[in-house]
Amino acid sequence: MFALRSASRALPRTTRSLSTNCIRRNAQPYTSISSTWRQVTRKPAAAFSTYRSLKQTEGEVNGELAAKLESEISLEKDMRDPNSFPAHLKEYLDNSPYTLEDTAGKEEVVMTRKFGDEQIRITFSIDDINHMDEDADAMGDQSLMDEMDDPADMPTDTQSGGANTKGAINRGRTSDGNFRVAPEDKIAPADREELSDEDDVEEPEPSFQAHLNISVDRPGKGVLEIDAIAQDGLMVIENVNFFKDKKLLEPGNTELANTYTGPPFGNLDEDLQVLFEKYLDERGINTTMALFVPEYIDFKEQKEYMGWLSSIKNFVE
């Protein structure tokens with residue numbers, strides 16, 4: 001682009017030079033034309049100054065960035081000591097049959113144990129905490145759909161004219177088509193005694209869905225894999241898959257895509273679903289673990305974040 005721009009600007013000068021050379025063809029040698037074209041095709045000068053980038057030997061923002069990172073580290077330390085292991089997490093691990101494997105710098109956490117001839121392996125990731133808002137939106141949408149699907153919440157008959165009266169709320173229908181209004185509903189919400197202290201109640205901290213992959217391996221019998229969600233003290237099963245040959249689970253195995261592993265868990269008989277839940281509970285995958293996993297994810301994510309801040313600060317200093 002720069003060469004074309006320079007050539008177009010030099011074209012009038014070249015034309016004049018060529019005209020003069022034509023008139024004085026006998027007086028000037030042929031090399032004058034070649035010299036003119038060499039001038040035209042000369043590499044154009046840069047349109048911007050490179051003096052600063054050539055002379056500058058270190059970043060000017062490094063110090064400011066390092067100071068900001070140090071400020072973030074101090075703020076996080078004031079909120080929580082990264083070297084202090086929470087007592088309730090330690091208590092769970094001390095009394096749990098599971099051994100926890102946590103490698104610094106890795107997102108995935110592994111818990112393992114032996115149960116009879118079964119080798120149980122549970123994995124979860126701290127990345128789940130980054131999807132807290134998405135989980136909350138999904139739960140809100142599902143709750144709204146559940147309300148809309150409930151026949152009791154659907155509107156039925158109304159007054160003539162297509163509108164209800166001011167007091168038409170769901171408290172029982174009268175003979176004239178309106179709803180009876182309970183006495184407590186005639187009082188403004190702000191004046192009700194039972195609602196006066198609502199603002200003083202602390203809202204619970206937002207939770208997130210921790211996804212667990214549970215693998216139960218029995219030698220010579222295959223592998224049972226269960227996908228579950230731990231949230232608010234509940235362990236909810238999503239899928240139950242069975243692999244007769246555990247080689248199917250090896251990375252890169254193309255046969256897995258064409259292997260039938262089981263129906264959706266929600267399609268199973270309710271009694272069968274309950275028995276699968278008891279199957280997990282018997283192996284220590286229960287309410288206690290459902291409380292532990294999200295708490296440990298929160299602890300580890302904070303610790304990894306602190307390490308990330310420190311590593312970048314050391315890099316830019």
Checklist entry - Please walk me through it: do Met289 and Met111 pass side-chain contact (heavy atoms from CB on, under 4.5 Å)? => result CA-CA 11 Å; Met289 181 178 287; Met111 300 177 68; 4.1 Å; yes
Using a strict cut-off of less than 4.0 Å between a Lys/Arg side-chain nitrogen and an Asp/Glu carboxylate oxygen, indicate whether [X] and [Y] qualify as a salt bridge.
{"X": "Asp217", "Y": "Arg121", "answer": "no"}
{"X": "Glu282", "Y": "Lys278", "answer": "no"}
{"X": "Lys90", "Y": "Asp94", "answer": "yes"}
{"X": "Arg80", "Y": "Asp298", "answer": "yes"}
{"X": "Glu72", "Y": "Lys313", "answer": "no"}

Grouping I, L, V, M, F, W and Y whenever their side-chain heavy atoms are under 4.5 Å apart, do [X] and [Y] come out in a common cluster?
{"X": "Val109", "Y": "Phe299", "result": "yes"}
{"X": "Leu65", "Y": "Met306", "result": "yes"}
{"X": "Phe315", "Y": "Leu309", "result": "yes"}
{"X": "Leu234", "Y": "Val293", "result": "no"}
{"X": "Val240", "Y": "Phe242", "result": "yes"}

Are the side chains of [X] and [Y] in touch, meaning some heavy atoms are under 4.5 Å apart?
{"X": "Leu100", "Y": "Tyr296", "result": "yes"}
{"X": "Glu76", "Y": "Gln302", "result": "yes"}
{"X": "Val216", "Y": "Val223", "result": "no"}
{"X": "Tyr98", "Y": "Ile285", "result": "yes"}
{"X": "Glu225", "Y": "Thr261", "result": "no"}
{"X": "Asp227", "Y": "Asn241", "result": "yes"}
{"X": "Ile122", "Y": "Val110", "result": "no"}
{"X": "Gln273", "Y": "Phe265", "result": "yes"}

If you count heavy atoms of other groups shown closer than 6.0 angstrom to [atom1] of [X], is the number above 12?
{"X": "Phe85", "atom1": "CZ", "value": "yes"}
{"X": "Glu91", "atom1": "CD", "value": "no"}
{"X": "Glu70", "atom1": "CD", "value": "yes"}

Item to check | side-chain contact (heavy atoms from CB on, under 4.5 Å) evaluation trace for Glu238 with His211 | outcome: CA-CA 10 Å; Glu238 286 196 312; His211 296 80; 4.1 Å; yes
Checklist entry - Can Gln231 and Val236 be said to form a side-chain contact (heavy atoms from CB on, under 4.5 Å), step by step? => result CA-CA 8 Å; Gln231 185 177 23; Val236 181; over 6 Å; no
Say you draw a straight line from [atom1] of [X] to [atom2] of [Y]; how long is it, rounded to the nearest 0.5 Å?
{"X": "Ile120", "Y": "Ile226", "atom1": "CD1", "atom2": "CD1", "result": "9.0 Å"}
{"X": "Asn95", "Y": "Thr288", "atom1": "CG", "atom2": "OG1", "result": "10.0 Å"}
{"X": "Leu69", "Y": "Ser74", "atom1": "CG", "atom2": "OG", "result": "11.0 Å"}
{"X": "Glu277", "Y": "Leu272", "atom1": "CD", "atom2": "CG", "result": "10.5 Å"}
{"X": "Asn213", "Y": "Thr123", "atom1": "CG", "atom2": "OG1", "result": "4.0 Å"}
{"X": "Ser310", "Y": "Ile73", "atom1": "OG", "atom2": "CD1", "result": "3.5 Å"}

Next on the checklist: Show the nearest heavy-atom pair for residues Ala210 and Leu212, with the distance to one decimal.
Outcome noted: O-CD1, 3.2 Å
Checklist entry - Taking all non-hydrogen atoms of both residues, which atom of Ala290 and which atom of Gly233 are closest, and how far apart? => result CB-C, 3.6 Å
Checklist entry - Do we see a donor-acceptor contact under 3.5 Å between the side chains of Glu108 and Ser125? => result no
Next on the checklist: Tell me whether Arg113 forms a cation-pi arrangement with Phe115, defined as NZ or CZ under 6.0 Å from the six-membered ring centre and within 45 degrees of its axis.
Outcome noted: no
Checklist entry - How are the rings of Phe292 and Tyr92 set relative to one another: parallel (under 30°), tilted (30 to 60°) or perpendicular (over 60°)? => result parallel
Checklist entry - Using 30° and 60° as the class limits, which term best fits the ring planes of Tyr305 and Trp308: parallel, tilted or perpendicular? => result parallel
Checklist entry - Can you check whether Gly307's main-chain N or O pairs, donor with acceptor, with Ser311's side chain at less than 3.5 Å? => result yes
Next on the checklist: With a 3.5 Å distance limit and no angle check, can you tell me whether Asn314 reaches the backbone of Glu317 through a side-chain donor-acceptor pair?
Outcome noted: no
Checklist entry - Can you name the one residue among Asp127, Asp102, Asp128 that meets salt bridge (charged side-chain N to carboxylate O under 4.0 Å, His left out) with Lys300? => result Asp102
Next on the checklist: Walk me through whether Thr112 and Glu101 qualify under side-chain contact (heavy atoms from CB on, under 4.5 Å).
Outcome noted: CA-CA 8 Å; Thr112 59; Glu101 302 173 13; 3.8 Å; yes
